[in-house]
Amino acid sequence: MGYRLRRVWAQLRRANGPVKSVEYLAWRRRFFHQRLGAGLWMGLAYVSILFSYWLYLFIFQIEKIRADFDKIFAKPWLADQFRAITIIACLVVLGLILTCLLIHKTHWGRRHPAVIFLIFTSAVNGFVTLLIATFYSIPIKPNPSVFLAFAVLIPICWRLHLLSQLLPLTYYTIALPVLGMTDLGDESIFNVDSLGDLIELVWVCLICNLGVFVYE
């Protein structure tokens, strides 16, 4: 009887892949929750510094930026649209991160770290800013360095990392063309140079997810 049970167990392992123990799953949840907390504080610092810099430019250097947009795109009013997007994104993103920090300390947050992770990553990786920029008909490219940061900070659950990456990438490559938002000024975001940037984004995502998978 014991021999047959072992055979059945071995067949199940071969059919379903490696079986994760209860101890491992408990460790992964604790690790995920702890690293997520550290990541939230680092994300708050990163976003605060980044938005402070952009707000300084768009508030105190707006005339220079208008001149630059006029020189590059012949449309100086784009600077005012980018300023509006930056201000709104600053408030929304900071609000989402602070909300995640509050939820993270609750019992519900300990049980559902994946939900907090997706909200947090969507706020920081450019997806939320993409949504806001849509109302101004301006396409904004996701930031690949953020994907690398998440892979280093929270190197588990590669499927979650993939999902968090697909949200901005799918919106950028599929939703924006469907909405007819493929131009910034008189230049297309899907020209040869932009295609190279997109390939770089895909490779960064692939390396991140492979690294997370190998680590785990």
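We're numbering straight along the sequence, starting at 1.
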**Crowding at CZ, F213 (>12 non-hydrogen neighbours, <6.0 Å)** = no

**Item:** Closest heavy-atom pair and its distance - S48, L94
**Value:** OG-CD2, 3.8 Å

**Prompt:** Do the ring centers of H161 and F147 come within less than 6.0 Å of each other?
**Reply:** no

**Request:** May I ask whether L163 and V128 are part of the same hydrophobic cluster, defined by side-chain heavy atoms of I, L, V, M, F, W, Y residues being less than 4.5 angstrom apart, directly or through others?
**Result:** yes

**Prompt:** According to a 4.5 Å side-chain heavy-atom criterion applied to Ile, Leu, Val, Met, Phe, Trp and Tyr, with indirect links allowed, do L210 and Y215 form part of one hydrophobic cluster?
**Reply:** no

**Prompt:** Can you name the closest pair of heavy atoms from C205 and L169 and give their distance?
**Reply:** SG-CD1, 3.6 Å

**Asked** Are side-chain heavy atoms of C208 and F150 found at a separation under 4.5 Å?
**Response** no

**Message:** So, applying side chain to side chain contact (heavy atoms under 4.5 Å, CB included) with L57, which one of I62, T86, I65 is it?
**Reply:** I65

**Request:** Measure across F120 and G43 and return the closest heavy-atom pair with its distance rounded to 0.1 Å.
**Result:** CZ-CA, 3.9 Å

**Asked** To the nearest 0.5 Å, how far apart are CG in L44 and CG in L40?
**Response** 8.5 Å

**Item:** Joint cluster assignment, L166 & V124, ILVMFWY side-chain distance < 4.5 Å
**Value:** no

**Request:** Please report the closest heavy-atom contact between C100 and I119, naming both atoms and the distance.
**Result:** SG-CG2, 3.5 Å

**Asked** Which value, rounded to the nearest 0.5 Å, describes the distance between T106 atom OG1 and H112 atom NE2?
**Response** 10.0 Å

**Prompt:** If two hydrophobic side chains count as joined below 4.5 Å and joins carry through other members, does I140 share a cluster with F135?
**Reply:** yes

**Message:** Could you measure the distance from the CD atom of Q81 to the NZ atom of K75? Nearest 0.5 Å is fine.
**Reply:** 9.5 Å

**Request:** Indicate the ring-plane relationship of W54 and F58, choosing parallel, tilted or perpendicular according to the 30° and 60° boundaries.
**Result:** parallel

**Prompt:** If you round to the nearest 0.5 Å, how far is OG1 of T170 from CG of L176?
**Reply:** 11.0 Å

**Heavy-atom side-chain contact between L201 and K141 under 4.5 Å** = yes

**Request:** Determine, for D70 against R66, whether the closest basic-nitrogen to carboxylate-oxygen distance falls under 4.0 angstrom.
**Result:** no

**Asked** So Q165 and N209, side-chain contact (heavy atoms from CB on, under 4.5 Å) or not? Walk me through it.
**Response** CA-CA 10 Å; Q165 296 157 2; N209 297 329; 2.9 Å; yes

**Item:** C90 versus L55, closest heavy-atom pair with distance
**Value:** SG-CD1, 4.0 Å

**Message:** If you count heavy atoms of other groups shown closer than 6.0 angstrom to CH2 of W27, is the number above 12?
**Reply:** yes

**Message:** With a 4.5 Å cut-off on side-chain heavy-atom distances among I, L, V, M, F, W and Y, is there a chain of contacts connecting I85 to W77?
**Reply:** yes

**Item:** Distance (rounded to the nearest 0.5 Å) between E216 CD and Y24 OH
**Value:** 3.0 Å

**Complete:** Nearest heavy-atom contact between L130 and P168 is CD1-O, 3.7 Å

**Complete:** CD1 (I116) and CD1 (I97) are apart, to the nearest 0.5 Å, by 13.0 Å

**Item:** Whether H104 and H33 hold their rings parallel, tilted or perpendicular, with breakpoints at 30° and 60°
**Value:** parallel

**Prompt:** Parallel, tilted or perpendicular: which fits the ring planes of F69 and F82, with parallel below 30° and perpendicular above 60°?
**Reply:** tilted

**Request:** Would you check, one step at a time, whether the test side-chain contact (heavy atoms from CB on, under 4.5 Å) holds for L179 with Y171?
**Result:** CA-CA 10 Å; L179 294 171; Y171 194 87; 4.0 Å; yes

**Message:** With a sphere of 6.0 Å drawn around CH2 of W108, does it hold more than 12 non-hydrogen atoms of other residues, nucleotides or ligands?
**Reply:** yes

